[in-house]
Amino acid sequence: WQTVHDIPVALVTGSNGKTTTTRLLAAMLTDAGHATGLTSTDGVWCAGTMIDTGDYSGPVGARLVLRDRRVTAAVLETARGGMLRRGLATDRCNVAIVTQVSADHMGEYGVHDLRALAEAKLLVRRALVPGAPLVLNAEDGMLVALAPALGVPITWCALDASNRVVSAHVAAGGSACVVRDGAVWALSSGVEVSLGIVAEMPITLGGAASYNVANVLAASAAAIAMGVSPDTIRATLRRFGASPDDNPGRLALLRYRGARVVVDFVHNPDGWYALWNALSDIPARRRVVVVGQAGDRGDEALDEMAEAVWSEHPDVVILKELPKYRRGRPPFETRERLARALLAAGAPEAALPRADSEREALQLALDGAGDGDLLVLAVHDDYRGAMQFLLAAGAEVVSTL
């Protein structure tokens, strides 16, 4: 019995950013000396060892981590589907994060509107031990609206330090993590601590990837709640994201035949708008996109994603079929629904080549790539296989575009 003990646990959920936030927080804990356990949609790691690959953002992954005797701290990505099917994977945690809430997976498990989706994600608060904080995005209107009834301490995060919710909260003695004058600041009980310059953090793409800046805020706030020192947080933020192995599948940067290549898991409208915003200042002779979607999204959701993809009027949109993710739809129905929505948005048919698999779509993108092009490759089926394919074709990993 002397070997049985609790360990610090963080739960991370949200519509976008939860995997990146999970990985970043786990890196902070590891740099602080912990043997960290991590679960995500990409796999399970314990004390630096990969246990398995695949989607482990539910209770199965949590059990693998929490039963591993090496682990001294755990960060558990906690997906909405797992919570609604099976409940929370643990009844105690030391911090919980909801990154943000956007329309995705509507119509599943009784969730038909944004409020219901937010309430589902906010279930993570029920595992908080007394006094432990819930980290929320102060720029998410739904989270702000629901916060007063949650009954737990909140640490707010905001890209704008003058955010009214944050200002009032800090004035009342609450905690927050914000961006001010180009730096990340942790605020609590009148004490202000700088955690580093945003533009010097590799994961932020020089500050252009504002969605990753938001993930930095959430992970930093959670790390503080778990006892990680500001010096360690600063050191992690200075290095994390410099290697594609730090955050596989999220904003990986490559060069191929003079073309800039971005590989990302982007999978919903908000994600596409955020990614386009991050890439808006990147010059390009042509913009070439690879995109697809799982069949469990409704027609309206597919139309909205097509509109987001077309919002920057890319020159070519390669539409891929995802055979493993048809999820009840007939073959090619999801792909062709996206095609019809893109045509309705103004895309010419000639700009919409089709591919029967993710690998075929990547090959099409490479075949036409040339100097000055920007390739934005949404990879969902097999990130590791996709990267191996790209590198074998001659692409090179770079640290900046």
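For the atom pair Tyr211 OH and Leu159 CG, the distance stands at 13.0 Å (nearest 0.5 Å). Expressed to the nearest 0.5 Å, how far CD of Glu349 lies from CG of Leu343 amounts to 5.0 Å. To the nearest 0.5 angstrom, Ser57 atom OG is 10.5 Å from Leu76 atom CG. Note that the CG atom of Leu11 and the CZ atom of Arg126 stand 13.5 Å from one another [nearest 0.5 Å]. Atom CG of Leu275 is separated from atom CG of Leu251 by 6.5 Å, given to the nearest 0.5 angstrom. In this structure, CD in Glu304 is found 8.0 Å from OH in Tyr273, a value given to the nearest 0.5 Å.
Remark: the backbone N or O of Thr21 is not paired with any side-chain donor or acceptor of Asn215 at under 3.5 angstrom. Between the side chain of Asn94 and the backbone N or O of Val9, at least one donor-acceptor pair lies under 3.5 Å. Counting only distance, with no hydrogens or angles, the side chain of Ser280 and the backbone of Asn277 share a donor-acceptor pair below 3.5 Å. When atom types are taken as modelled, the side chain of Arg335 and the backbone of Ala355 share a donor-acceptor pair closer than 3.5 angstrom. Not a single donor-acceptor pair under 3.5 Å links the side chain of Gln293 to the backbone N or O of Ala306.
Summarising the local packing, CG of Asp181 is surrounded by 12 or fewer heavy atoms from other residues, nucleotides or ligands at distances under 6.0 Å. Heavy-atom neighbours of Arg255 CZ from other residues, nucleotides or ligands within 6.0 Å: above the threshold of 12. Atom CD of Glu192 is surrounded by more than 12 heavy atoms from other residues, nucleotides or ligands within 6.0 Å. Shown here is Gln363, whose CD atom has more than 12 heavy atoms of other residues, nucleotides or ligands within 6.0 Å.
Look at Arg70 and Asp68 and you find a salt bridge, because one of the NZ, NE, NH1 or NH2 atoms lies within 4.0 Å of a carboxylate O, short of that distance. Salt-bridge annotation for Asp381 and Lys320: absent, with no side-chain N of the basic residue lying under 4.0 Å from a carboxylate O of the acidic one. Ion pairing between Arg285 and Asp373 holds under the 4.0 Å rule for side-chain N and carboxylate O. Between Arg337 and Asp303 there is a salt bridge, with a side-chain nitrogen of the basic residue lying less than 4.0 Å from a carboxylate oxygen of the acidic one. Salt bridge status for Asp299 with Arg329: present, with a side-chain N to carboxylate O gap under 4.0 Å. Taking a cutoff of 4.0 Å between a charged side-chain nitrogen and a carboxylate oxygen, Glu333 and Arg326 do not qualify as a salt bridge. Classification of Lys121 and Glu77 as a salt-bridged pair fails, no side-chain N sitting under 4.0 Å from a carboxylate O.
The heavy-atom pair separating Gly370 from Ala259 by the smallest distance is O-CB, 3.4 Å. Residues Thr204 and Ala199 share a closest heavy-atom pair of OG1-CA, 4.4 Å. Considering all non-hydrogen atoms of both residues, Val98 and Val101 come closest at CG1-CG2, 4.2 Å. Nearest heavy-atom pair across Ala350 and Pro353 is O-CD, 4.4 Å. Between Ala183 and Ile197 the shortest heavy-atom distance is CB-CD1, 4.0 Å. His380 and Tyr325 make their closest contact through O-OH, 3.8 Å (heavy atoms, listed as atom of the first residue, atom of the second, distance).
Here the side chains of Met28 and Leu237 are in contact, with some heavy-atom distance below 4.5 Å. Side chains of Ile7 and Val71 form a contact here, defined as non-hydrogen atoms less than 4.5 Å apart. When side chains are defined from C-beta on, Thr39 does not count as touching Leu64, because their heavy atoms never get closer than 4.5 Å. Between His34 and Val228, every side-chain heavy-atom pair lies at or beyond the 4.5 Å cut-off. Considering only heavy atoms from C-beta on, Leu136 comes within 4.5 Å of Leu150 through its side chain. Side-chain contact between Arg23 and Asp246 is absent, with no heavy-atom pair separated by less than 4.5 Å. Between Leu122 and Leu134, some side-chain heavy-atom pair lies under the 4.5 Å cut-off. Looking only at side-chain heavy atoms (C-beta outward), Arg260 and Leu375 stay at 4.5 Å or farther from each other.
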Problem set entry | Intermediate values then yes/no, side-chain contact (heavy atoms from CB on, under 4.5 Å), Leu390 and Leu366 | CA-CA 9 Å; Leu390 293 169; Leu366 294 183; 3.9 Å; yes
Problem set entry | Stepwise side-chain contact (heavy atoms from CB on, under 4.5 Å) test for Arg340 and Leu302 | CA-CA 10 Å; Arg340 289 195 295 274; Leu302 295 175; over 6 Å; no
For this session: Step by step, work out the side-chain contact (heavy atoms from CB on, under 4.5 Å) result for Trp272 and Val291.
Result: CA-CA 10 Å; Trp272 272 103; Val291 66; 3.8 Å; yes
For this session: Please assess Asn16 against Thr99 for the test side-chain contact (heavy atoms from CB on, under 4.5 Å), listing each intermediate value before the final yes or no.
Result: CA-CA 7 Å; Asn16 291 302; Thr99 58; 5.5 Å; no
Problem set entry | Chi angles and distances behind the salt bridge (charged side-chain N to carboxylate O under 4.0 Å, His left out) call for Asp382, Lys324 | CA-CA 11 Å; Asp382 179 10; Lys324 290 198 303 186; over 6 Å; no
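There is a side-chain donor-acceptor pair under 3.5 Å between Thr41 and Thr19. When only modelled atom types and interatomic distance are considered, Ser175 and Thr155 share no side-chain donor-acceptor pair under 3.5 Å. A donor atom on one side chain and an acceptor atom on the other are not found under 3.5 Å apart for Thr232 and Asp31.
The only member of Glu360, Glu336, Glu321 that meets salt bridge (Lys or Arg N to Asp or Glu O under 4.0 Å) when paired with Arg354 is Glu336.
Trp310 and His313 have perpendicular rings, their planes meeting at more than 60° on a 0 to 90° scale where under 30° would count as parallel.
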